[in-house]
Amino acid sequence: MTLLTTWPESGPETVIRRTADPVEIAAALAPVGVRYEQWPVRDDVPADADSATVFAAYRAEIDLLNAEEGFQTVDVVALHPSDDPGWPEKAKAARQKFLAEHTHEDDDEVRFFVAGSGIFYLHVGGEVHAVYCEKGDLLGVPRGTTHWFDMGTSPAFTAIRFFHEEDGWIGTFTGSPIADRFPDFDAIHAGHTGNVA
């Protein structure tokens, strides 16, 4: 279940907003310039599908978004648990790369979740919005927005990434420890199915 939780930037002791309603989520994020929408879910696309399969399944949506936004590069990124002995270290390194607060000065961060889940934390206007995204969710974070991303200790997701710049993902880290003060993916994932507004 997709979920938006909003706290004051001072910490998670007070919940300002908690909703699983996609319309409410989109309305709450729009004022800070964040695009949230849901695309049709293709149940015939396996969670670990290769890029060609993902592109074929979502070609119409990709082409429409490219026409609207003028993206130069579109790719597919995936991480799923594996029996490979190197998997735990690979998963840990991948997670660590995005856990600290950062911005993208030259591009938006636009992701569509084909499978699995992850949480984008948006630090905007004195608040922190944790957007738990899962299969079918598209989130667009405007360039310059302070944020971080958590895929959990056992990442399991496939996502389509959209870039205006051909260089791809380039983060500028703020040096703030704010991410350490808020519940991580594992905590929210474990309890995100409770009662919501």
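Keep in mind the model is a prediction, meaning the values are calculated, not measured.
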Novice: Indicate the ring-plane relationship of F149 and F157, choosing parallel, tilted or perpendicular according to the 30° and 60° boundaries.
Specialist: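 Because their plane-to-plane angle is over 60°, the rings of F149 and F157 count as perpendicular.
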Novice: Taking salt bridge (charged side-chain N to carboxylate O under 4.0 Å, His left out) as the cut-off, I'd like each qualifying pair that reaches into residues 58-82, sequence neighbours left out, listed once.
Specialist: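 Output for this query lists R35-E68, R35-E69, R42-E61, R59-D63, D75-R161.
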Novice: Can a side-chain donor-acceptor contact be found between T145 and H123 if the only test is distance below 3.5 angstrom?
Specialist: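 Result is no, nothing qualifies.
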Novice: If you define the side chain from C-beta out and look only at heavy atoms, does anything of V74 sit under 4.5 Å from N66?
Specialist: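 In contact.
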Novice: So, taking the atom named OH in Y132 and the one named CG in L3, what distance separates them when rounded to the nearest 0.5 Å?
Specialist: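 Interatomic distance, Y132 OH to L3 CG, rounded to 0.5 Å: 9.0 Å.
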Novice: Kindly say whether E9 contributes a backbone atom to a donor-acceptor pair with the side chain of R181 at under 3.5 angstrom?
Specialist: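 Between the backbone of E9 and the side chain of R181 there is a qualifying donor-acceptor contact (under 3.5 Å).
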Novice: Can any side-chain N or O of H102 pair as donor or acceptor with the backbone N or O of A100 at less than 3.5 Å?
Specialist: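 Between the backbone of A100 and the side chain of H102 there is a qualifying donor-acceptor contact (under 3.5 Å).
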Novice: Is it true that the side chains of D107 and H164 contain a donor and an acceptor less than 3.5 Å apart?
Specialist: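 The answer is yes; a qualifying pair exists.
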Novice: Closer than 3.5 angstrom, by distance alone: can the side chain of E134 be matched with the main-chain N or O of T2 as a donor-acceptor pair?
Specialist: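 Here the side-chain-to-backbone pair exists.
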Novice: Just checking, is any N or O donor in the side chain of E101 or T174 under 3.5 Å from an acceptor N or O on the other one?
Specialist: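 Distance-only check passes for E101 and T174.
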Novice: For F182, check ring-ring contact (aromatic ring centres under 6.0 Å, His included) against everything at least two apart and list the hits.
Specialist: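 Here the qualifying residues are W7.
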Novice: So, do I160 and V110 sit near enough that their side-chain heavy atoms are less than 4.5 Å apart?
Specialist: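 Answer no - side chains too far apart.
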Novice: Going by atom types only, do Y36 and D137 share a side-chain donor-acceptor pair under 3.5 Å?
Specialist: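 Note: Y36 and D137 side chains meet the donor-acceptor criterion.
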Novice: Test your reading of the model: is there a side-chain donor-acceptor pair from D84 to the backbone of G86, 3.5 Å cut-off?
Specialist: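 Here the side-chain-to-backbone pair exists.
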Novice: Distance only, no hydrogens: is a donor on one side chain within 3.5 Å (strictly under) of an acceptor on the other, for Y121 and H129?
Specialist: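 No, no side-chain donor-acceptor contact under 3.5 Å.
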Novice: Answer with yes or no after comparing the ring centroid distance for F112 and F162 against a 6.0 Å cut-off, counting only values under it.
Specialist: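 No, they do not, as the ring centres are separated by 6.0 Å or more.
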Novice: Do W148 and V128 have side chains that get closer than 4.5 Å, going by heavy atoms?
Specialist: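 W148 reaches V128 side chain to side chain.
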Novice: Testing the 3.5 Å rule here: is there a donor-acceptor pair between the side chains of W39 and E37?
Specialist: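 Short answer, yes.
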Novice: Would you please indicate if the ring centroids of H104 and H147 are separated by under 6.0 Å?
Specialist: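 Yes; H147 has its ring centre under 6.0 Å from that of H104.
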Novice: May I ask you to decide if L99's main-chain N or O and D150's side chain share a donor-acceptor pair within less than 3.5 Å?
Specialist: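 No; zero donor-acceptor contacts below 3.5 Å.
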Novice: Quick one: does any side-chain atom of T158 pair with a main-chain N or O of A47 as donor and acceptor, under 3.5 Å?
Specialist: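 Confirmed, T158 side chain pairs with A47 backbone.
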